[in-house]
Amino acid sequence: MLFETAGRHVDDQNGLFLEKIYYDTIRKYTMPTRNMPYYPRIIGVLGSSGYQYTYK
């Protein structure tokens, strides 16, 4: 439930990206975290700039 409305607070032009909102939420509620054992293979397009990226 905490992350369902996160997109409403995004403001790319002022540096408030979705990742920052997620990070702040995790910190605020002291949620346990851990690193992934492997990097995810992500392919996509950045919503704010349109930059396309692929796993290399």
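From H9, atom NE2 reaches atom CG of L18 across 10.5 Å, with rounding to the nearest 0.5 Å. A distance of 13.5 Å separates NZ of K28 from CD1 of I26, quoted to the nearest 0.5 Å. The distance from atom NZ of K20 to atom OG1 of T25, rounded to the nearest 0.5 Å, is 9.5 Å.
Counting only heavy atoms from C-beta outward, the side chains of V10 and F17 never approach each other to under 4.5 Å. L2 has its side chain within reach of M31: a pair of non-hydrogen atoms, C-beta onward, lies under 4.5 Å apart. Proximity of D11 to Q13: side-chain heavy atoms (C-beta onward) are separated by under 4.5 Å at one or more points.
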(request) Could you please spell out the steps behind the side-chain contact (heavy atoms from CB on, under 4.5 Å) verdict for Y23 and T33? (result) CA-CA 11 Å; Y23 175 79; T33 60; over 6 Å; no
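The side-chain contact (heavy atoms from CB on, under 4.5 Å) check on Y53 picks up I42, L46, Y51, with sequence neighbours excluded. Annotation: salt bridge (Lys or Arg N to Asp or Glu O under 4.0 Å) contacts of D12 (sequence neighbours excluded): none.
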